Amino acid sequence: MLQQTPVVRVLPVWQQWMERWPTPAHLAAEPPGEAVRHWGRLGYPRRALRLHACARAITAEHDGEVPADHATLLALPGIGEYTAAAVASFAFGGTHPVLDTNVRRVLGRAVRGEEYPPNATTAAERRLAQELLPAVGAPVWGVAVMELGALVCTARGPQCGQCPVQEQCAWRLAGKPPGVARRGQTYDGTDRQCRGRLLAVLRAAHGPVPKTALDVVWDEPVQRERALDGLVADGLAEVLDDGTYRLPI
DNA sequence: CAAGCGTGGCC
DNA sequence: TGGCCAAGCTT
């Protein structure tokens, strides 16, 4: 849930989710569409699908227990380098560099002296994070750097006066030179927006909906069909024989 | 490796 | 107001 989504927006959804499905086995027992439905408006609904697939994999292949091993975690659906490191470190005390957007920004500023990290994670960043990682207390160190980035060393308007490493921050010592603005992602009029509207209809309906119910939420027919086909191809929607649509069973 | 993938809040 | 950003992953 936290992938590309602010913590404050995740919290309430996560609470309800954990109440409903306290273990991987509980979630695995549901059809994937229920995961998508209760994902709500968190965004990137494919994550809901993958979390559900992850729960089923954990249930079927790991006796219902979340693996502690980094490589085993990495093999699960929806779990990449960051999530594998975070779970192995924070949940199981493992020693892994956790390179999320916060950590990348903090290290980029404090060590490299630049306002923003590169667009994609580089080998140099991984090397640096690995070098800085303490042999003892890596989980606490990781959380600390992450929190520093989330609360103090923020993307916009960092609170350098309250930063515990302000005296040694390369970026501050260099006079906080402005970085290159990242190119923003457009949204209005995109397939993503169209998919979002279509899926919102399916989430709200607790059963198959006629295609006409989907047609009304997006005017441009070519794009609408493409987006709908995309949702079906991604496993986020199903077409029934009578031409109605629903969340996947 | 670049592209594609949601949504909402903030300045 | 609109661009930017948020505990990334997959193809």
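In what follows, chains are A, B, ... by sequence order, proteins preceding strands, each numbered from 1. These figures come from a predicted structure and were not determined experimentally.
More than 12 non-hydrogen atoms from other residues, nucleotides or ligands lie less than 6.0 angstrom from CD of A/Glu220.
If you take atom C1' in B/dT7 and the same atom in C/dT11, they sit 23 Å apart, rounded to whole Å. Atom C1' of C/dG8 sits at a distance of 15 Å from the matching atom of B/dC1, rounded to the whole Å. Using atom P as the reference point in both C/dA7 and B/dG4, the two lie 24 Å apart (nearest Å).
Considering only residues two or more places apart in sequence or on other chains, A/Asp234 meets the side chain to side chain contact (heavy atoms under 4.5 Å, CB included) condition with A/Arg46, A/Arg195, A/Leu236.
Between the side chains of A/Gln159 and A/Thr154, not a single donor N or O lies within less than 3.5 Å of an accepting N or O. Side chain to side chain, A/Glu114 and A/Trp171 fail the donor-acceptor criterion of an N or O pair below 3.5 Å. With hydrogens and angles left out, the side-chain atoms of A/Arg192 and A/Tyr44 include a donor and acceptor closer than 3.5 Å.
Running 5' to 3' along DNA chain B, contacts with non-hydrogen atoms of chain A at under 4.0 Å begin and end at B/dA3 to B/dG9.
With rounding to the nearest 0.5 angstrom, the CG atom of A/Leu2 is 6.0 Å from the OH atom of A/Tyr82.
Note on A/Lys176 versus A/Glu115: no salt bridge recorded, every NZ/NE/NH1/NH2 to OD/OE distance being 4.0 Å or above. Salt-bridge formation is detected for the pair A/Asp215/A/Lys211: a Lys NZ or Arg NE/NH1/NH2 atom is positioned less than 4.0 Å from an Asp or Glu carboxylate oxygen.
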With the sugar-phosphate defined as primed atoms, P, OP1 and OP2, and the base as all remaining atoms, what B/S/- string results for nucleotides 5-11 of chain C, 5' to 3', for protein heavy atoms under 4.0 Å?
-> SBBBSS-
